[in-house]
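Here is the structure we will look at.
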Amino acid sequence: MMMWSNFLMQEQDRRRVAAGRRGHGQRQPGLLPEQEGKVKLLLLLTAVGATLAVLAVGTEFWVELNTFKANGSAVCDAAHLGLWKMCTKRLWQAEVPAGRETCGPAQLPGEANCTYFKFFTTGENARIFQRTTKKEVNLAAAVIAVVGLAVMALGCLCIIMVLNKGAEFLLRVGAVCLGLSGLLLLVSLEVFRHSVGALMQRVSSEPPPAPALAYEYAWSLGCAVGASLVLLLGGICFLLLTLPPWPWGSLCPKQGHRAT
């Protein structure tokens with residue numbers, strides 16, 4: 001028994017020494033400390049873009065539709081809408097800034113009526129100031145934006161897995177997902193712009209007559225533009241981290257090499 005126990009102890013020691021030698025000869029999987037710092041910094045930048053994207057998609061201040069103040073009344077009507085919901089507002093003209101020819105801005109206090117678009121449920125078009133939405137274009141803008149958010153979440157999850165599990169191969173996947181989400185948000189913005197143009201042109205011939213309207217893009221759309229640019233920048237930077245270092249090493253030699 002004593003002989004067997006000594007043999008087993010010697011075998012375990014031999015395996016530990018062999019494993020230590022292999023560990024010294026090979027780099028352990030995971031990020032280098034300088035790479036990990038860069039990834040964390042870019043993940044913080046991506047979190048800013050993700051916050052802007054969720055804020056943009058979830059709010060309804062993409063565009064404001066304003067009637068003109070010269071209507072012979074003490075009140076005027078305005079509306080603002082996003083991907084999911086529209087709100088109409090009746091404002092006192094005395095509270096509208098004097099330099100404006102149109103009613104608004106929509107943030108002014110007034111009697112508001114907000115409803116969700118019905119083309120997500122019953123398939124009906126919405127009517128705003130005797131104008132009708134083109135539901136196919138609005139639906140496309142909303143679906144593309146949601147797909148962009150899903151791809152963005154997948155990209156963020158890949159980057160978090162890189163930091164937590166050391167799965168470096170997911171860094172390129174996360175970079176592609178983040179860049180793609182930024183592109184999808186830009187496509188959604190362009191489709192939404194076409195939906196606004198279609199809304200302005202689809203004037204109903206039924207009484208009462210449609211009022212003259214002016215429109216202006218609002219802060220939710222600005223958040224979407226900022227989010228798409230930040231996500232594109234983050235995806236490009238993450239992708240640069242996956243490139244081999246030798247092209248940059250030839251352009252930027254180390255200080256020690258220049259000294260010699």
Side-chain angles (χ1 to χ4, degrees), residues 51-149 185 188-227:
T51 303
L52 289 175
V54 173
L55 181 64
V57 175
T59 52
E60 64 274 3
F61 286 90
W62 283 54
V63 67
E64 294 183 9
L65 305 176
N66 302 315
T67 60
F68 285 86
K69 291 167 59 177
N71 58 5
S73 173
V75 295
C76 59
D77 294 321
H80 58 91
L81 61 145
L83 298 175
W84 320 102
K85 187 169 65 171
M86 66 173 181
C87 295
T88 57
K89 241 179 187 181
R90 179 153 290 181
L91 306 176
W92 291 100
Q93 292 205 24
E95 297 181 353
V96 178
R100 288 181 62 103
E101 295 183 357
T102 59
C103 195
Q107 289 84 0
L108 290 176
E111 182 183 348
N113 181 22
C114 297
T115 57
Y116 286 94
F117 291 124
K118 293 184 178 180
F119 41 72
F120 292 109
T121 54
T122 61
E124 300 177 22
N125 276 306
R127 290 174 62 88
I128 310 172
F129 298 140
Q130 296 299 104
R131 290 166 172 83
T132 308
T133 58
K134 192 174 183 180
K135 62 182 180 180
E136 295 83 4
V137 185
N138 291 83
L139 274 171
V143 170
I144 294 172
V146 170
V147 172
L149 289 184
L185 282 177
S188 177
L189 288 169
E190 181 62 20
V191 175
F192 182 81
R193 189 179 69 84
H194 283 283
S195 72
V196 174
L199 173 65
M200 298 297 290
Q201 294 174 2
R202 292 163 63 90
V203 181
S204 174
S205 58
E206 300 177 0
L213 285 183
Y215 69 92
E216 55 183 311
Y217 296 110
W219 61 267
S220 293
L221 189 134
C223 289
V225 173

- What do you reckon, is NZ of K135 surrounded by more than 12 foreign heavy atoms closer than 6.0 Å? yes
- Rounding to 0.5 Å, atoms OG1 (T122) and CZ (F120) come to a distance of 11.5 Å
- So do the side chains of V96 and C76 get within less than 4.5 Å of each other, counting heavy atoms only? yes
- Query: Are any side-chain N or O atoms of S195 and backbone N or O atoms of F192, one a donor and one an acceptor, separated by less than 3.5 Å?
  - Reply: yes
- Would you name the heavy atoms of L55 and C223 that are closest together and state the gap between them? CD2-SG, 4.0 Å
- Task: Take I128 and L213 through the side chain to side chain contact (heavy atoms under 4.5 Å, CB included) test and state the conclusion after the steps.
- Result: CA-CA 11 Å; I128 310 172; L213 285 183; 5.9 Å; no
- Task: May I ask you to test the L65-M200 pair for a side-chain heavy-atom distance under 4.5 Å?
- Result: yes
- Task: Look at the aromatic rings of F61 and W219 and report parallel, tilted or perpendicular, splitting at 30° and 60°.
- Result: parallel
- Evaluate whether atom CD of Q107 has more than 12 neighbouring non-hydrogen atoms of other residues, nucleotides or ligands under 6.0 angstrom away. yes
- Item | Flag if over 12 foreign heavy atoms under 6.0 Å of CZ, R127 | yes
- Query: How close do A53 and A227 get, heavy atom to heavy atom, and via which atoms?
  - Reply: N-CB, 3.4 Å
- Query: Does OH in Y215 sit with more than 12 non-hydrogen atoms of other residues, nucleotides or ligands closer than 6.0 Å?
  - Reply: no
- Message: Would you say OH of Y116 has more than 12 non-hydrogen atoms from neighbouring residues, nucleotides or ligands within 6.0 angstrom?
- Response: no
- Item | Nearest-0.5 Å distance that lies between atom CH2 in W62 and atom NZ in K85 | 15.0 Å
- Query: Quick one: does C103's side chain get under 4.5 Å of K89's, heavy atoms only?
  - Reply: no
- Minimum heavy-atom distance between V75 and Q93, given as atom pair plus value: O-NE2, 3.5 Å
- Task: Could you check M86 against F117 for side chain to side chain contact (heavy atoms under 4.5 Å, CB included), going step by step and ending with a plain yes or no?
- Result: CA-CA 7 Å; M86 66 173 181; F117 291 124; 3.9 Å; yes
- Step-by-step side chain to side chain contact (heavy atoms under 4.5 Å, CB included) determination, N138 to L83: CA-CA 7 Å; N138 291 83; L83 298 175; over 6 Å; no
- What heavy-atom pair brings T67 and D77 nearest, and what distance separates the two atoms? OG1-O, 2.6 Å
- So which heavy atom on L91 is nearest to which on G110, and how close? CD2-CA, 4.1 Å
- Task: Dump the intermediate steps for side chain to side chain contact (heavy atoms under 4.5 Å, CB included) on R202 and R131, then the final yes or no.
- Result: CA-CA 6 Å; R202 292 163 63 90; R131 290 166 172 83; 5.7 Å; no
- Message: Does any part of the side chain of E64, heavy atoms only, come nearer than 4.5 Å to the side chain of T102, both counted from C-beta?
- Response: no
- Item | Neighbour count above 12 (heavy atom, 6.0 Å) for E101 CD | no
- Note on the structure: Looking only at heavy atoms, the pair that brings W84 and V146 closest together is CH2-CG2, 3.4 Å
- Message: Nearest 0.5 angstrom please: H80 NE2 to S220 OG, how far?
- Response: 9.0 Å
- Item | Distance in Å, L199 CG paired with L81 CG, rounded so as to fall on 0.5 Å steps | 7.0 Å
